[in-house]
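For ligands, and for the atoms within them, numbers begin at 1 and follow the listed sequence.
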Amino acid sequence: MELKNEKWSLDKFKEIREEVLQQWPTGKDVDFEEAIEYHNNLPEEQIMAEKLAEAKEEDVTLIQPRAGVALIDEHIELLKFLREEGQADLLPSTIDSYTRQNNYEEAEAGIEESREEGRSMLNGFPAVNHGVKACREVVEALDAPLQVRHGTPDARLLAEITLAGGFTDYEGGGLSYNIPYAKNVSIEQTLLDWQYVDRLIGYYEENGIKINREPFGPLTGTLVPPSVSHSVAIIEGLLAAEQGVKNITLGYGQCGNLVQDVAALQSLEELAEEYLADYEDVMLTTVFHQWMGGFPQDEAQAFGVISWGAATAALGKATKVITKTPHEAMGVPTKEANAEGLRSTKQVINMLRDQSLLSNDKLEEEKEMIKQETKQILDRVFELGNGDVAQGTVRAFEAGVLDVPFAPSKYNAGNLLPARDDDGAVRFLNHGNLPFSDEVVEFHQEKLEARGKSEGREPNFQMVIDDIYAIGKGRLVGRPRS
Ligand code: 8ZB
């Protein structure tokens, strides 16, 4: 099948759908007409797009954790706890790694073992194996909207089952769930597979059902320059809108410098509005991810990292924030630790709800820079695709015009080197083949030279290494001898 950014005909979608629903026995329980009926009867408080629209309107930042375990009753208990004890506004179901790899046999074994052991032997909720009815049990036990959070290159069957199961939001995208997650899956393949997911959601929308879509913003973590993640987010937003998706939440992961992070959140929304202007009735919202890098082992220090993310989300007026927990350095958190991350976040958000970062020259300069860079990247993507953003994206990755630092994918050039400047903002030490103007390149060079000067060293690869390890030593910027 040829990849083009063009809305799929219903016939083409339905032809592929027959194969998708046969990938695992639970696929046969998906009945689209009946699922429409089910969604029509969902209480409004469980519709993600409605909750997000309300939050955007009222300028509040909602909080959402990550969470998922193997068995249905335990999963419900976990989510109830996070809602009641953690005051989560929005709920997730984090999917286990086997399901993310489409390995439903191993997921089944994990479910069995979990039953035998009396504890979760999977690192998430295996929604495909549990099937439509079980997903609905989860939805019906709760009073908040549910989102699927995963990391799946081919997420077609998972989407069919969870959406028929009453989930109203689906994370991921053909780039953001490929480049950071897979080594050998081609970009063309994941873009096609995610066109299917977007077309499915477009089909729901055509039938009056609002399903929200959320590209995974942070990609590989805390050293991704905002213009790189923004380019990916906007491309995924455009691809989704073309297939008929109407409710889109674009994401950005905390880098750590307050001004840059707020500038990133504001510019993301402004750029997206510009790029998606041709699509009617699209509701755009934003999500901010608390620190997606290494965490301090010490729980008190971890709360410091969490609170700084909460403050940034609130001051940047993100529509929602995905929280971390004091167990981040250890692995999957207990429900108590998860609720603590939520409560500390809510505390900071409540205290900052009436404040915003005052517009100032520095903020404007950062926004302007991020916008210029993103436009330079996206202009070249369109050019490479002769106007087709899907084809342009494949070629842009080949050419290193789109390039994500520290990504495992062999389809990613990997020429970029980011490093922090003297204020901790993320800059390009090496911009690889990104199509930047001289002005942009010099801006970054100057920022890194200024850091080099205050540290008495030339900007070099050691800075990158130092920055990666800095947080473990309780710092943002990796200084020599600190
Ligand atoms: C890319 C996302 C990584 C983050 C968290 C990790 C990390 C993964 C679960 C989970 C609670 C789970 N994460 N799986 N948190 N329950 N089943 O996602 O700790 O922060």
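For the atom pair Thr345 OG1 and Phe303 CZ, the distance stands at 9.0 Å (nearest 0.5 Å).
Closest to atom 10 (C) of ligand 1 among all protein heavy atoms lies Arg66 CB, 4.1 Å. Closest to atom 20 (O) of ligand 1 among all protein heavy atoms lies Glu328 OE1, 2.6 Å. At the shortest separation from atom 1 (C) of ligand 1 among protein heavy atoms lies Tyr181 OH, 3.4 Å. Residue, atom and distance of the protein heavy atom nearest to atom 9 (C) of ligand 1 are Thr94 CG2, 3.8 Å. Looking only at heavy atoms of the protein, atom 16 (N) of ligand 1 is closest to Ala67 CA, 3.4 Å.
For ligand 1 and Pro333, the ligand atoms under 4.0 Å from any heavy atom of the residue are 11 (C), 15 (N). Heavy-atom contacts of Val332 reach the following atoms of ligand 1: 12 (C), 16 (N) (cutoff under 4.0 Å).
Within the 4.0 Å heavy-atom criterion, neither part of Trp291 lies near ligand 1. Heavy atoms of Pro65 found under 4.0 angstrom from ligand 1: none, in either backbone or side chain.
Asp59 pairs by the salt bridge (Lys or Arg N to Asp or Glu O under 4.0 Å) definition with nothing, not counting sequence neighbours.
Between Phe295 and His327, the ring centre distance reaches or exceeds 6.0 Å.
A salt bridge (Lys or Arg N to Asp or Glu O under 4.0 Å) check over residues 314-325, counting only residues at least two apart or in different chains, returns the pairs Glu214-Lys320, Lys324-Glu328.
In this structure, Glu44 places its CD atom where only 12 or fewer heavy-atom neighbours from other residues, nucleotides or ligands lie under 6.0 Å away. Other residues, nucleotides and ligands contribute over 12 non-hydrogen atoms within 6.0 Å of the CE atom of Met330.
Considering backbone and side-chain N/O atoms, Asn123 comes within less than 3.5 Å of an N/O atom of ligand 1.
A heavy-atom distance below 4.5 Å is found between the side chains of Leu79 and Pro92.
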